[in-house]
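Accompanying notes for the structure given below.
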Amino acid sequence: SRENVMYRLQLLQPASDQELFREAYSWRSKRKKHTDAERMSFEEFASDNPHHVVIGVFEGERLAAVFLLWEYEPGFYDAHFTSRRHVSRETLTQAGREIARLVLGSGAKGITAWIVERNTALRRYIEDLGFEKIQNKTFRCTSVSDCSSIPTDAHPARVFVQYGIKGEAR
């Protein structure tokens, strides 16, 4: 049975919402090396980048989650997500689905997400939002945003899974 959850979505702006950006960034102060990739810096997370769309999920006045969508080419977005501990799965699922619908309904051609293969909880969550597995790819670094699949001795190999959801053909 679906519970009836109450939340609201709000676009976050780095210039006026710095405290909300700091709060959201602090939720992942301890990285779980076995499941998480290296995370982006606070400066990148809260940058006033015209290719970033940042959407806050609020329960009442409390920020519960943040979705960052990075437009890596026109109409295509890479999704990043973080949430406060103990937010209900139903709230996160309904909000994530609504965000995907809104972005795709506004003309986006697709949204992708790269997730460390061992992070089964996040992979299940993204599948619950309607994303489908595209590929597995081994990277010799800790993130997919700033590296290639060219081997180096500096970083161990790590398998990421790419998921995607497509917009309607126009």
Side-chain angles (χ1 to χ4, degrees), residues 5-73 76-103 106 108 110-129 131 139-147 154-156 158-165:
V5 298
M6 296 293 291
Y7 64 87
R8 71 178 165 82
L9 303 178
Q10 176 183 318
L11 285 174
L12 301 182
Q13 304 297 330
S16 58
D17 296 318
Q18 271 297 301
E19 287 308 309
L20 294 173
F21 278 89
R22 287 190 196 293
E23 179 183 347
Y25 194 80
S26 75
W27 296 333
R28 294 189 57 216
S29 59
K30 290 188 178 177
R31 184 167 70 91
K32 299 176 199 160
K33 289 185 185 270
H34 70 288
T35 59
D36 289 344
E38 191 69 37
R39 69 183 183 151
M40 66 182 71
S41 68
F42 177 75
E43 291 72 26
E44 185 179 2
F45 178 67
S47 71
D48 193 14
N49 185 326
H51 297 285
H52 288 180
V53 177
V54 183
I55 303 166
V57 178
F58 289 82
E59 293 177 312
E61 293 304 308
R62 184 179 91 144
L63 182 63
V66 169
F67 290 80
L68 185 149
L69 300 166
W70 174 61
E71 189 176 31
Y72 59 91
E73 64 180 65
F76 291 92
Y77 293 84
D78 187 48
H80 301 267
F81 162 79
T82 188
S83 68
R84 175 186 301 280
R85 293 174 59 96
H86 309 297
V87 176
S88 83
R89 172 81 175 211
E90 194 63 28
T91 295
L92 297 175
T93 301
Q94 286 187 24
R97 286 177 182 158
E98 182 176 356
I99 290 168
R101 273 193 310 273
L102 289 169
V103 171
S106 296
I111 305 169
T112 58
W114 287 93
I115 302 170
V116 174
E117 183 181 47
R118 294 172 63 172
N119 193 337
T120 56
L122 187 54
R123 289 178 53 208
R124 258 192 319 273
Y125 171 70
I126 201 90
E127 290 168 358
D128 286 348
L129 299 185
F131 284 69
F139 290 93
R140 297 213 179 261
C141 58
T142 54
S143 74
V144 297
S145 62
D146 62 354
C147 69
H155 300 289
R158 198 162 226 184
V159 178
F160 285 79
V161 181
Q162 183 185 33
Y163 286 88
I165 188 168

Legend entry - Full working for side-chain contact (heavy atoms from CB on, under 4.5 Å) between Leu92 and Tyr125: CA-CA 9 Å; Leu92 297 175; Tyr125 171 70; 3.9 Å; yes
Legend entry - Plane angle bin for Trp114 and Phe160 - parallel if under 30°, tilted between 30 and 60°, otherwise perpendicular: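 Perpendicular, since the angle between the ring planes exceeds 60°.
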Heavy atoms, side chains only, cut-off 4.5 Å: are [X] and [Y] in contact?
X      : Y      : value
Tyr77  : Val103 : yes
Val116 : Val159 : no
Trp27  : Leu63  : yes
Leu9   : Leu102 : yes
Leu129 : Ile99  : no
Tyr163 : Ile115 : yes
Leu20  : Phe58  : yes
Tyr25  : Thr82  : no

Inset, instruction - Please determine, by modelled atom types, if Glu90 and Gln94 share a side-chain donor-acceptor pair under 3.5 angstrom. - result: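 Their side chains do contain a donor-acceptor pair, which is all the 3.5 Å distance test asks for.
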[X] bridged to [Y] by N-O distance under 4.0 Å:
X      : Y     : answer
Asp128 : Arg89 : yes
Arg62  : Glu59 : yes
Glu98  : Arg8  : no

Inset, instruction - Apply side-chain contact (heavy atoms from CB on, under 4.5 Å) to Leu68 and Val53, showing your working. - result: CA-CA 6 Å; Leu68 185 149; Val53 177; over 6 Å; no
Inset, instruction - State yes or no: are the ring centers of Phe42 and Phe21 separated by less than 6.0 Å? - result: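 Distance test on ring centres: not under 6.0 Å, no.
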Inset, instruction - For residues Ala24 and Phe45, report the shortest heavy-atom separation together with the two atoms involved. - result: CB-CZ, 4.0 Å
Legend entry - Shortest non-hydrogen contact from Ala79 toward Ile111: CB-CG2, 3.8 Å
Return the [atom1] to [atom2] distance between [X] and [Y], rounded to the nearest 0.5 Å.
X      : Y      : atom1 : atom2 : value
Leu12  : Gln18  : CG    : CD    : 11.0 Å
Gln162 : Ile126 : CD    : CD1   : 11.0 Å
Asp48  : Gln13  : CG    : CD    : 7.5 Å

Inset, instruction - Decide side-chain contact (heavy atoms from CB on, under 4.5 Å) for Val66 and Val57; before the verdict, give the C-alpha distance in whole Å, the side-chain angles of both, and the deciding distance to 0.1 Å. - result: CA-CA 6 Å; Val66 169; Val57 178; over 6 Å; no
Inset, instruction - Go through Arg123 and Val161 one step at a time and tell me if the side-chain contact (heavy atoms from CB on, under 4.5 Å) criterion holds. - result: CA-CA 8 Å; Arg123 289 178 53 208; Val161 181; 3.8 Å; yes
